[in-house]
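Comments concern the structure below.
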Amino acid sequence: MCEKCGCGEGEGFNIHDPHHSTDHKSDQIQDHDHKHDHGHTHSHEHPHKLINLNVDILAGNNITAAMNRRFFEGRKVLCLNMVSSPGSGKTTILEKTIGHLTRTAKIYVIEGDQQTLLDAERIERAGAPAIQINTGSGCHLDAHMVESALKKLEIETNSLLFIENVGNLVCPAMFDLGENRRVVVMSVTEGEDKPLKYPYMFQTSHLCIINKSDLLPYVDFRIEEAMKHARSVNPDLEFISVSAKTSEGMNLWYDWILSQKVI
Ligand SMILES: Nc1nc2c(ncn2[C@@H]2O[C@H](COP(=O)(O)OP(=O)(O)O)[C@@H](O)[C@H]2O)c(=O)[nH]1
Ligand SMILES: [Mg+2]
């Protein structure tokens, strides 16, 4: 996890508003100061130092996440953090969801990727305002990045905010963004063992969407087996099986969103 790969040490990140795409100088925010003039060498450092640093980073993240959560409460915004491995269908699900729910609630999206504006552009084409955060070499969004994006989005009350996290089943599990619910998307092409291999993501999620059900005839994926594995790490996890391509099951997802009591 993050204390091993060092991703929590805070890279600079870029935040883009596709509405102002002519602004080629898009705001660049350095989220952590990285001075290393400790005045001593590192040769005798105790390995505990690495662990302490990560505790501090997560504590700082949690404070900002709590502020984000208060912001959502104050505006009656339902914030859903969508997490998955790359390519499981998060953006496709969001495109369909925007098309279906946009008359019911105002919808906003914060997109997280290491590079490119591609997903934010897809979301804007689907009809929702989007802010793209590029994390550079970073492998997750953190609460501070979301706080920065919120300042740009000007979210109305009683609305719906989706955060599409960086595609990664490991590090995003560690970072509370202040969301109301975490939704993990797995697709039937990824293998039914993923909840066992990446348990933290499934432990910290409220809903598991199993996507690409249209491909079930072509892959060795047993939905019941995947659900059994996921329940073994999180007995409270809810499940919805969908095909974002054919829209099969998508009504259950829309109903689930509207049943969440925040909006
Ligand atoms: N067959 C099938 N393909 C899908 C489905 N959902 C997404 N895809 C495809 O999977 C690929 C990755 O989708 P994308 O939404 O970009 O995934 P993300 O990386 O999680 O945002 C794209 O080629 C999509 O068209 C689905 O339900 N069925
Ligand atoms: Mg995407």
Side-chain angles (χ1 to χ4, degrees), residues 13-18 79-101 107-136 138-141 145-146 149 160-173 175 177 179 181-192 194-195 197-198 201-202 205 207-223 226-227 230 239-254 256-257:
F13 63 91
N14 293 316
I15 186 162
H16 306 275
D17 181 350
C79 175
L80 303 180
N81 180 10
M82 311 287 289
V83 293
S84 81
S85 54
S88 63
K90 298 180 298 302
T91 313
T92 311
I93 289 170
L94 291 181
E95 289 170 317
K96 284 274 169 103
T97 305
I98 291 162
H100 191 83
L101 288 184
I107 300 177
Y108 303 85
V109 179
I110 296 174
E111 281 290 343
D113 277 305
Q114 289 196 322
Q115 301 290 344
T116 81
L117 296 175
L118 291 172
D119 279 3
E121 288 166 356
R122 285 172 64 182
I123 293 297
E124 295 251 322
R125 280 197 296 275
I131 293 284
Q132 181 82 49
I133 299 173
N134 285 145
T135 58
C139 50
H140 61 272
L141 294 178
M145 297 173 190
V146 171
L160 193 48
L161 170 67
F162 293 97
I163 302 173
E164 181 178 339
N165 218 312
V166 178
N168 174 358
L169 279 176
V170 184
C171 304
F175 287 83
L177 305 180
E179 72 268 25
R181 303 283 185 270
R182 188 172 291 183
V183 178
V184 60
V185 181
M186 66 185 295
S187 60
V188 303
T189 52
E190 292 168 37
E192 59 208 21
K194 292 304 166 290
K197 291 181 172 176
Y198 304 100
M201 190 58 91
F202 290 83
S205 293
L207 174 69
C208 175
I209 295 181
I210 301 177
N211 188 33
K212 308 196 187 183
S213 61
D214 57 291
L215 297 180
L216 276 170
Y218 312 105
V219 292
D220 294 329
F221 184 94
R222 294 161 297 173
I223 286 189
M227 287 168 57
F239 298 90
I240 298 175
S241 169
V242 305
S243 166
K245 182 186 169 86
T246 67
S247 292
E248 182 191 22
M250 289 294 283
N251 278 333
L252 295 172
W253 160 236
Y254 306 142
W256 183 90
I257 294 170

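Counting starts at 1 for both ligands and their atoms, in listed order. Because only heavy atoms are used, hydrogens play no part in the values below, and waters and symmetry mates are left out as well, while side chains stay in.
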Please write down residue, atom name and distance for the protein heavy atom closest to [atom].
| atom | result |
| --- | --- |
| atom 21 (O) of ligand 1 | T91 OG1, 2.7 Å |
| atom 17 (O) of ligand 1 | G89 N, 3.1 Å |
| atom 28 (N) of ligand 1 | D214 OD1, 2.8 Å |
| atom 27 (O) of ligand 1 | A244 N, 2.9 Å |
| atom 16 (O) of ligand 1 | R122 NH1, 2.9 Å |
| atom 5 (C) of ligand 1 | K212 CG, 3.6 Å |
| atom 6 (N) of ligand 1 | N211 ND2, 3.2 Å |
| atom 25 (O) of ligand 1 | T92 OG1, 4.3 Å |

For H140 and F175, take the angle between the two ring planes, folded into 0 to 90°, and tell me which bin it lands in: parallel under 30, tilted 30 to 60, perpendicular over 60.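 Aromatic pair H140/F175 classed parallel.
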Between P86 and ligand 1, is there a nitrogen or oxygen pair with a distance under 3.5 Å?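 The answer is no, given that P86 and ligand 1 share no N or O pair closer than 3.5 Å.
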Nitrogen or oxygen atoms of S85 and ligand 1 under 3.5 Å apart: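 N/O-N/O distance under 3.5 Å: no.
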Under 4.0 Å from atom 13 (O) of ligand 1, is there at least one protein heavy atom?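 Yes, there is a protein heavy atom closer to it than 4.0 Å.
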Does the [X] side chain pair with the main chain of [Y], one donor and one acceptor, at a distance under 3.5 Å?
| X | Y | result |
| --- | --- | --- |
| Q132 | H16 | no |
| D119 | E111 | no |
| N211 | V185 | no |
| N165 | L141 | yes |

Using a 4.0 Å cut-off to any heavy atom of L215, which atoms of ligand 1 qualify?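 By the 4.0 Å cutoff, the relevant atoms are 1 (N).
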Can you name the atoms of ligand 1, numbered from 1 with element, that are less than 4.0 Å from a heavy atom of S243?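 Every atom of ligand 1 under 4.0 Å from some heavy atom of S243: 27 (O).
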Measuring from the heavy atoms of G87, does anything fall under 4.0 Å of ligand 1?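 Yes, that is the case, since the closest heavy atom of the residue is under 4.0 Å from the ligand.
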Touching ligand 1 at all, E164? Heavy atoms, strictly under 4.0 Å?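 Flag set, E164 near ligand 1.
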Confirm or rule out an N/O/S atom of [X], from backbone or side chain, lying less than 2.8 Å from the Mg ion (ligand 2).
| X | value |
| --- | --- |
| T92 | no |
| E164 | yes |
| D119 | yes |

From K194 NZ over to I210 CD1, what is the distance, rounded to the nearest 0.5 angstrom?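 The CD1 atom of I210 is 13.0 Å from NZ of K194, to the nearest 0.5 Å.
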Nearest-0.5 Å distance that lies between atom CG in D113 and atom CD in E164: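 D113 CG to E164 CD: 6.0 Å, rounded to 0.5 Å.
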Begin from the C-alpha positions of I93 and M250 and carry the test side-chain contact (heavy atoms from CB on, under 4.5 Å) through to its verdict. CA-CA 8 Å; I93 289 170; M250 289 294 283; 4.2 Å; yes
Can you check side-chain contact (heavy atoms from CB on, under 4.5 Å) on T97 and F162, steps first, answer last? CA-CA 10 Å; T97 305; F162 293 97; 3.8 Å; yes
Please name the pair of heavy atoms, one in M201 and one in N168, separated by the smallest distance, quoted to 0.1 Å.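 Taking every non-hydrogen atom into account, CE-O, 3.5 Å.
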Go through M186 and F239 one step at a time and tell me if the side-chain contact (heavy atoms from CB on, under 4.5 Å) criterion holds. CA-CA 11 Å; M186 66 185 295; F239 298 90; over 6 Å; no
